[in-house]
Asker: 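Following this message is one structure expressed as structure tokens.
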Amino acid sequence: MEKETLSLLDNRTGKSCEVPLFKGALRAMDLRQFKTPTDDFGMMTYDPAFMNTASCQSAVTFIDGDKGILRYRGYPIEQLAENCTFLEVSYLILFGELPTAAQLTEWTNKITHHTMLIETTKKFLEGFRYDAHPMGMFISSVAALSTIYPEARNVRDPEVRALQIQRLIGKVPTIAAYTYRHSLGYPYIYPDNDLSYTENFMNMLWKMVEPKYRSNPVLARALDILFILHADHEQNCSANVMRSVGSSQADPYVSVAAAAAGLSGPLHGGANEEVLKMLDEIGSKEKVPAYIQNVKAGHGKLMGFGHRVYKNYDPRARIIKQAADQVFGVTGRNRKLDIALELERIALEDEYFIKRKLYPNVDFYSGIIYQAMGFQPEIFTVLFAIPRTVGWLAQWKELLEDPEQKIARPRQIYTGYDVREVVPIEKRKPKAAPLAA
Ligand code: ACO
């Protein structure tokens, strides 16, 4: 049987030792015994951007980036997208098993009864400028919920945690819909408890003067599938923020707000908005080759392409492409699809993209579907944040239940000055100040 250890030799001192591996990984703390001189703090690992560092153990999501595999709790994403609803998948992600019919009814009932916002939150939202970016409104409003539920600070209590999880999943579509209506200047629509999670979201987005909102079932299902695909993605940038902020025992509202802030950047969930801007900038199929040449020459990136983990096709992008056909059957074809298809075709044949293993990611096609459904690009990342709230909460719950976790606090390699004396201001000489902002 092979030995689950690693032999280490410090060539500076000649010290050697054999350390046990933990599930195939080296525990970074085992390096601390290597010191020179002997009163030194001990050796650290250096890993900017966490390229090769596991920060936790997790049983939620499995990704094999080389094979293009994504599973929630062991179930392939393709099967979940085909057979389940978003609330079913949320239950799975949070509690580890798919619900029975009775469990799903109870779960749906709990979420449905937490969709309302306190009126002051509505007023808070009204205070934003007419052209406020929906993601900024979303982040601030989720954080503001912390002021309404102060008991949420008691994060060590499993019952308190469970209640905040239900509240957050129930309320994020309501906040998201309000940010959308605000930008249009339309009155807010209250939740309708007769409707499914996704249908109710559509109701709050698009109901006008009709007494009862009826969504198109094809579009409602497509949105539900998009929610399933976006629900979790293991230790990505925003999940890492959720865990990092949550590790200080901050309450889940401010922690989710922080995670949503991480999501908002153009290299993460903000990419879907950027893809649409890029397609607009390209303008027509004929201009795609020139655009790609420009990217290869180092002028910007192909938004919606590339992934830290997937070095094969992103399986979510494949499912989204299928959902797109169904959506376009209802809405008519988005002409940007032709530009996107051409972009994908040329990029996938190009040496630059092949060599770097750059494939379309989840954001490449999602924006085109959202736009066909009637959403403006500014709201795309908010549409991502609704389902990802479930993933953030599952990561947060797992963190708090893990006895090995503590407050997240990385180390650094200090590169600044050694100690120096403060010179009185009248004696200071101007210097090139590399640290000045
Ligand atoms: N277009 C052109 N070149 C790219 C792209 C791209 N989209 N992505 C990476 N590259 C190039 C880099 O310039 C680099 O080239 P080099 O080796 O010649 O320097 C090489 O590919 C490796 O790229 P890194 O930046 O080191 O890859 P990393 O894993 O750090 O970044 C990321 C991954 C952030 C997703 C990156 O591919 C990117 O910026 N993509 C565009 C934004 C995007 O679509 N983000 C959404 C990701 S999915 C999600 O978060 C939901």
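Just follow the structure's listing: the first ligand is 1, and inside any ligand the first atom is 1. As the structure is a prediction and not an experimental result, all values here were calculated from the model. Computation of the quantities below employed the complete heavy-atom set of this structure, encompassing side-chain atoms and omitting hydrogens, waters and symmetry-equivalent molecules.
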Asker: Please report whether the ring centroid of Tyr310 lies less than 6.0 Å from that of His233.
Answerer: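 Yes, the ring centres sit under 6.0 Å apart.
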
Asker: Would you indicate whether Tyr186, at its atom OH, is surrounded by more than 12 heavy atoms from other residues, nucleotides or ligands within a distance under 6.0 Å?
Answerer: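 Open: at most 12 neighbouring heavy atoms sit under 6.0 Å from OH of Tyr186.
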
Asker: With the threshold set strictly below 4.0 angstrom, can you tell me whether any protein non-hydrogen atom sits that near atom 27 (O) of ligand 1?
Answerer: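 It does not: no protein heavy atom is found less than 4.0 Å away from atom 27 (O) of ligand 1.
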
Asker: Do the charged groups of Lys277 and Glu281 touch, with an N to O distance under 4.0 Å?
Answerer: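 Here Lys277 does not pair with Glu281 in a salt bridge, since their nearest N and O are not under 4.0 Å apart.
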
Asker: Answer with side chain, backbone, both or neither: which part of Tyr352 has a heavy atom less than 4.0 angstrom from an atom of ligand 1?
Answerer: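 The answer is the side chain.
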
Asker: Under 4.0 Å from atom 24 (P) of ligand 1, is there at least one protein heavy atom?
Answerer: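 No.
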
Asker: Count the heavy atoms of every other residue, nucleotide or ligand shown that sit under 6.0 Å from OH of Tyr188, and state whether that count exceeds 12.
Answerer: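 Counting other residues, nucleotides and ligands, OH of Tyr188 exceeds 12 neighbours.
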
Asker: Could you tell me whether atom 1 (N) of ligand 1 has a protein heavy atom closer than 4.0 Å?
Answerer: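 Under the 4.0 Å cut-off, atom 1 (N) of ligand 1 does have protein heavy-atom neighbours.
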
Asker: Indicate whether atom 33 (C) of ligand 1 is within a distance of less than 4.0 angstrom of some protein heavy atom.
Answerer: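 At least one protein heavy atom is under 4.0 Å away.
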
Asker: How far is atom 43 (C) of ligand 1 from the closest protein heavy atom, and which atom is that?
Answerer: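 Closest protein heavy atom to atom 43 (C) of ligand 1: Ala271 CB, 3.5 Å.
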
Asker: Suppose I only count heavy atoms of Phe384 and a 4.0 Å limit; which atoms of ligand 1 are within that range?
Answerer: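 Taking each heavy atom of Phe384 in turn, ligand 1 has 51 (C) under 4.0 Å.
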
Asker: Name the closest protein heavy atom to atom 48 (S) of ligand 1, giving the residue it belongs to and the distance to 0.1 Å.
Answerer: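 Looking only at protein heavy atoms, the one closest to atom 48 (S) of ligand 1 is His307 CD2, 3.6 Å.
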
Asker: Would the distance check show the side chain of Ser264 and the main-chain N or O of Ala261 forming a donor-acceptor pair, the cut-off being under 3.5 Å?
Answerer: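 Yes; at least one donor-acceptor contact below 3.5 Å.
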
Asker: Could you check atom 50 (O) of ligand 1 against the protein and tell me its nearest heavy-atom contact, residue, atom and distance included?
Answerer: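 Among all protein heavy atoms, the one nearest atom 50 (O) of ligand 1 is His268 ND1, 2.8 Å.
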
Asker: How does Asn236 reach ligand 1, by side chain, by backbone, by both or by neither, if only non-hydrogen atoms under 4.0 Å count?
Answerer: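 Asn236 to ligand 1: no contact under 4.0 Å from either part.
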
Asker: Nearest to atom 40 (N) of ligand 1, what protein heavy atom do you find, and at what distance?
Answerer: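 Nearest neighbour among protein heavy atoms for atom 40 (N) of ligand 1, to 0.1 Å: Phe305 O, 2.9 Å.
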
Asker: In the protein, what heavy atom is nearest to atom 10 (N) of ligand 1, and what distance, to one decimal place, separates them?
Answerer: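 I find the closest protein heavy atom is Leu358 CD1, 3.7 Å.
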
Asker: In the complex you have, is atom 4 (C) of ligand 1 within reach of the protein, judged by whether a heavy-atom distance drops under 4.0 Å?
Answerer: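 Given the 4.0 Å cut-off, atom 4 (C) of ligand 1 counts as touching protein heavy atoms.
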
Asker: Could you name the option among Asp314, Leu302, Ile292 that has the heavy atom nearest to atom 6 (C) of ligand 1?
Answerer: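 The residue whose heavy atom sits nearest atom 6 (C) of ligand 1 is Leu302.
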
Asker: Would you say the rings of Phe375 and Trp206 are close, in the sense that their centroids are separated by under 6.0 Å?
Answerer: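 For Trp206 and Phe375, the ring centres are under 6.0 Å apart.
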
Asker: What is the closest protein heavy atom to atom 35 (C) of ligand 1, and at what distance does it sit?
Answerer: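 For atom 35 (C) of ligand 1, the nearest protein heavy atom comes out as Gly306 O, 3.6 Å.
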
Asker: Identify which of Arg388, Arg308, Lys301 has a heavy atom lying nearest to atom 36 (C) of ligand 1.
Answerer: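 Looking at heavy atoms only, Lys301 sits closest to atom 36 (C) of ligand 1.
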
Asker: Would you mind running through ligand 1 and noting each atom that sits below 4.0 Å from a heavy atom of Asp363?
Answerer: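 The atoms of ligand 1 under 4.0 Å from a heavy atom of Asp363 are 46 (C), 48 (S), 49 (C), 51 (C).
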
Asker: I need the atoms of ligand 1 closer than 4.0 Å to a non-hydrogen atom of Met303, numbered in the order shown.
Answerer: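 Every atom of ligand 1 under 4.0 Å from some heavy atom of Met303: 42 (C).
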
Asker: Just wondering, more than 12 heavy atoms not from Tyr46 lying within 6.0 Å of its OH?
Answerer: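 No, OH of Tyr46 has 12 or fewer neighbouring heavy atoms, counting only those of other groups under 6.0 Å.
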
Asker: Have a look at ligand 1 and work out which part of Val295, if any, has a heavy atom under 4.0 Å from it: side chain, backbone, both or neither.
Answerer: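 For Val295, only side-chain atoms sit under 4.0 Å from ligand 1.
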
Asker: Under 4.0 Å from ligand 1, counting heavy atoms only, is it the side chain of Leu267, its backbone, both or neither?
Answerer: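 It is both parts that get close, each with some atom under 4.0 Å.
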
Asker: To the nearest 0.5 Å, what is the distance between OG (Ser90) and CZ (Phe95)?
Answerer: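 CZ of Phe95 is found 9.5 Å from OG of Ser90.
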
Asker: List the closest protein heavy-atom neighbour of atom 16 (P) of ligand 1: residue, atom name, distance to the nearest 0.1 Å.
Answerer: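 For atom 16 (P) of ligand 1, the nearest protein heavy atom comes out as Arg356 NE, 3.6 Å.
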
Asker: Hey, mind stepping through Ile282 and Leu343 against side-chain contact (heavy atoms from CB on, under 4.5 Å) and telling me if it holds?
Answerer: CA-CA 10 Å; Ile282 296 173; Leu343 206 57; 3.9 Å; yes

Asker: Measure centre to centre between the rings of Phe305 and Phe364, then say whether the value is under 6.0 Å.
Answerer: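 Yes - the distance between ring centres of Phe305 and Phe364 falls below the 6.0 Å cut-off.
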
Asker: Check each atom of ligand 1 against the heavy atoms of Gly304 and keep those under 4.0 Å away; list them by number with element.
Answerer: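 What qualifies from ligand 1 is 43 (C), 44 (O).
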
Asker: For the pair Lys357 and Asp66, find out whether any cationic side-chain nitrogen is under 4.0 Å from an anionic carboxylate oxygen.
Answerer: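 Salt bridge: no.
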
Asker: So, Asp350 and Lys296, do they make that salt bridge, N to O below 4.0 Å?
Answerer: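 Judged by the 4.0 Å cut-off on N to carboxylate O distance, Asp350 and Lys296 do form a salt bridge.
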
Asker: Closer than 4.0 angstrom, basic N to acidic O: yes or no for Lys35 and Asp10?
Answerer: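 Answer for the salt bridge query: no.
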
Asker: Is there a protein heavy atom less than 4.0 Å away from atom 45 (N) of ligand 1?
Answerer: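 Within 4.0 Å: yes, protein heavy atom nearby.
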
